[in-house]
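Each remark here refers to the structure printed beneath this line.
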Amino acid sequence: MNRIAIAIDGPAGAGKSTISRLIAEKMGIEYIDTGAMYRAITLKLINKGVDISDIQKVKDIVNSTKVELVNGRVYLDEIDVTEEIRMPYVSAKVSDVAAIPCVRERLVHLQREMAKKTSVIMDGRDIGTNVLKDAEVKIYLTASVEERAKRRYIELKNKGIDVTFEEICNDIKNRDNIDTNREVNPLRKADDAVLVDTTGKSIQQVVDEIISIIKEGANL
Ligand code: CDP
Ligand code: CDP
């Protein structure tokens, strides 16, 4: 198989990471969760008590921070933060941090470097429109807000995290709003991306649908 890049974009809870991970396993390629990188930087800024309107401070921290994705785990300055970055207090701040241009500049650079080395499936908000504009296959995954919030609610409850459905719903709507309306590389479907609505579909159904889009799009 030639080197291939697959871009998966869409709003929170659409199923991007679940589906991308399964497809990466099936195809034997690398999965890169770009949202985890924005979450890791956000966690660092929270832990350091940084006022994110202090752009110079944010820039200094971002440029001296190590974020690595290794075997499905997320490392922030060599510490495993895989679980912590999913906590609601990080979700509540991540879209504001991700809207800061110097944060995006640094992370987009790292993401492109990762994709140079090997075949990848990369998920996020601006992969098809910006990070990997030349990706062989682009998918825009979505689902209704209610379904996305329900999925996230069940997921957090199963992990024993205490949240209400309203809190999750508000977080998702708030992030959708910031991600879609920010100035730098907002969330939107690339013109050449295939739209897949996952509302009411099982994970397996979505995986099968996307595998056939990949086969067709990449001539596999
Ligand atoms: O998993 P979930 O959909 O909740 O979010 P995520 O993929 O972990 O991304 C968290 C946040 O990072 C998003 O709400 C965006 O604000 C930001 N993000 C971004 O701006 N660009 C990306 N390529 C990926 C994530
Ligand atoms: O990465 P993103 O925020 O787009 O979504 P996710 O974290 O992969 O998925 C959110 C939750 O929805 C997970 O708990 C999945 O098991 C569940 N789910 C799904 O991903 N796809 C479906 N078709 C149905 C449920």
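Remember, it's a predicted structure, so these values are computed and weren't measured experimentally. Quick note: residue numbers are just sequence positions, from 1. Whatever order the structure lists ligands and atoms in, that order sets their numbers, starting from 1.
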Notebook entry, point to check: Considering only heavy atoms from C-beta outward, does the side chain of Cys169 approach that of Tyr153 to under 4.5 Å?
Noted result: no
Checklist line | Among Ala7, Gly35, Ala12, closest by any non-hydrogen atom to atom 3 (O) of ligand 1 | finding: Ala12
Notebook entry, point to check: Purely on distance, is any nitrogen or oxygen of Thr198 under 3.5 Å from one on ligand 2?
Noted result: no
Item checked: Lys150 NZ: over 12 foreign heavy atoms closer than 6.0 Å -> no
Next item on the list: Do me a favour and list the nearest non-hydrogen protein atom to atom 23 (N) of ligand 2 with residue, atom name and distance?
Entry: Lys201 O, 2.7 Å
Next item on the list: Would you mind checking which non-hydrogen protein atom is closest to atom 10 (C) of ligand 1, with the distance to 0.1 Å?
Entry: Arg175 NH1, 3.5 Å
Check: Can you name the side-chain hydrogen bond (donor to acceptor under 3.5 Å, both in side chains) partners of Thr118, sequence neighbours left out?
Finding: none
Output a table of donor-acceptor pairs, distance under 3.5 Å, between side-chain atoms of residues 72-81 and any protein atom two or more places apart or on a different chain; print 'none' if there are none.
{"unit_1": "Arg73", "atom_1": "NE", "unit_2": "Asp80", "atom_2": "OD2", "d": "3.0"}
{"unit_1": "Arg73", "atom_1": "NE", "unit_2": "Thr82", "atom_2": "OG1", "d": "3.4"}
{"unit_1": "Arg73", "atom_1": "NH2", "unit_2": "Asp80", "atom_2": "OD2", "d": "3.2"}
{"unit_1": "Arg73", "atom_1": "NH2", "unit_2": "Glu83", "atom_2": "OE1", "d": "3.1"}
{"unit_1": "Asp77", "atom_1": "OD1", "unit_2": "Lys66", "atom_2": "N", "d": "2.8"}
{"unit_1": "Asp77", "atom_1": "OD2", "unit_2": "Lys44", "atom_2": "NZ", "d": "2.6"}
{"unit_1": "Glu78", "atom_1": "OE2", "unit_2": "Lys66", "atom_2": "NZ", "d": "2.5"}
{"unit_1": "Asp80", "atom_1": "OD1", "unit_2": "Thr82", "atom_2": "N", "d": "3.0"}
{"unit_1": "Asp80", "atom_1": "OD1", "unit_2": "Thr82", "atom_2": "OG1", "d": "2.5"}

Item checked: Nearest heavy atoms of Thr198 and Ala143, plus distance in Å -> OG1-CB, 3.4 Å
Note to self: Residue-level breakdown please: for Arg86 versus ligand 1, do any non-hydrogen atoms fall below 4.0 Å on the side chain, on the backbone, on both, or on neither?
What the structure shows: side chain
Checklist line | Per-atom contacts of ligand 2 with Thr18, taking only distances under 4.0 Å to non-hydrogen atoms | finding: 6 (P), 8 (O), 9 (O), 13 (C), 15 (C), 20 (O)
Note to self: Counting only heavy atoms closer than 4.0 Å, does ligand 2 sit against the backbone of Pro11, its side chain, both, or neither?
What the structure shows: backbone
Checklist line | Check: Asp33 N/O within less than 3.5 Å of ligand 1 N/O | finding: no
Checklist line | Heavy atom of the protein closest to atom 4 (O) of ligand 1 (residue, atom name, distance) | finding: Arg152 NH1, 2.6 Å
Next item on the list: Among all protein heavy atoms, pick out the one at the shortest distance from atom 11 (C) of ligand 2; state its residue, atom name and that distance to 0.1 Å.
Entry: Glu155 OE1, 3.3 Å
Next item on the list: May I ask whether Ser17 places a heavy atom under 4.0 Å from ligand 1?
Entry: no
Notebook entry, point to check: Do Val194 and Met122 share a hydrophobic cluster (ILVMFWY, side-chain heavy atoms under 4.5 Å, transitive)?
Noted result: no
Next item on the list: Assess whether salt bridge (Lys or Arg N to Asp or Glu O under 4.0 Å) is satisfied between Arg86 and Glu155, documenting all intermediate values.
Entry: CA-CA 11 Å; Arg86 305 280 157 208; Glu155 188 184 309; over 6 Å; no
Margin query: Side chains of Asn181 and Pro186, heavy atoms from C-beta outward: is any pair under 4.5 Å?
Written below: no
Next item on the list: Select the closest option to atom 12 (O) of ligand 2 among Lys16, Arg125, Arg151, judged by heavy-atom distance.
Entry: Arg151
Notebook entry, point to check: Is there a side-chain contact between Val196 and Ile213 (heavy atoms, below 4.5 Å)?
Noted result: yes
Next item on the list: Show which atoms of ligand 2 fall inside a sub-4.0 Å distance from at least one heavy-atom site of Ser202.
Entry: 23 (N)
Notebook entry, point to check: Does Arg182 have a non-hydrogen atom less than 4.0 Å from ligand 1?
Noted result: yes
Next item on the list: Would you mind checking which non-hydrogen protein atom is closest to atom 24 (C) of ligand 1, with the distance to 0.1 Å?
Entry: Thr34 OG1, 3.3 Å
Notebook entry, point to check: Gly10 near ligand 2, heavy-atom distance under 4.0 Å?
Noted result: no
Margin query: Check this for me - ligand 2, Gly13, N or O atoms closer than 3.5 angstrom, yes or no?
Written below: yes
Margin query: Testing the basics here: between Pro11 and Asp176, what is the closest heavy-atom pair and its distance to 0.1 Å?
Written below: CB-OD1, 3.5 Å
Margin query: How far is atom 17 (C) of ligand 1 from the closest protein heavy atom, and which atom is that?
Written below: Ala98 CB, 3.7 Å
Check: For ligand 1, does Met37 get within less than 4.0 Å through its side chain, its backbone, both, or neither, judged by non-hydrogen atoms?
Finding: neither
Notebook entry, point to check: How many angstroms lie between CD1 in Ile8 and CD1 in Ile210, if you round to the nearest 0.5 Å?
Noted result: 5.0 Å
Margin query: Taking atom NZ as the centre, does Lys157 end up with more than 12 heavy-atom neighbours from other residues, nucleotides or ligands that are less than 6.0 angstrom away?
Written below: yes
Item checked: Note, Val108 side chain near Asp126 side chain (heavy atom, < 4.5 Å) -> yes
Notebook entry, point to check: What residue and heavy atom of the protein are closest to atom 8 (O) of ligand 1, and at what distance?
Noted result: Arg39 NE, 2.7 Å
Check: Judged by modelled atom types alone, do Glu166 and Asn170 share a side-chain donor-acceptor pair under 3.5 Å?
Finding: no
Margin query: Among all protein heavy atoms in this structure, tell me which lies nearest to atom 21 (N) of ligand 1, with the distance rounded to 0.1 Å.
Written below: Arg104 NH2, 3.1 Å
Checklist line | atom 19 (C) of ligand 2: nearest protein contact (heavy atom, Å) | finding: Ile203 CG1, 3.7 Å
Note to self: Is it the case that atom CG in Asp162 sees more than 12 heavy atoms from other parts of the structure closer than 6.0 Å?
What the structure shows: no
Check: If you measure every N/O of Tyr38 against every N/O of ligand 1, is any gap under 3.5 Å?
Finding: no
Item checked: Residue from Asp33, Asp179, Asp9 passing salt bridge (charged side-chain N to carboxylate O under 4.0 Å, His left out) with Arg125 -> Asp179
Notebook entry, point to check: In the protein, what heavy atom is nearest to atom 5 (O) of ligand 2, and what distance, to one decimal place, separates them?
Noted result: Gly15 N, 3.0 Å
Margin query: Checking contacts here: is it the side chain or the backbone of Gln205 that comes within 4.0 Å of ligand 2, counting heavy atoms only? Could be both or neither.
Written below: neither
Item checked: Element-labelled atoms of ligand 1 that are located less than 4.0 Å from some non-hydrogen atom of Gly124 -> 22 (C), 23 (N), 24 (C)
Check: So is Asp179 polar-close to ligand 1, meaning N/O to N/O under 3.5 Å?
Finding: yes
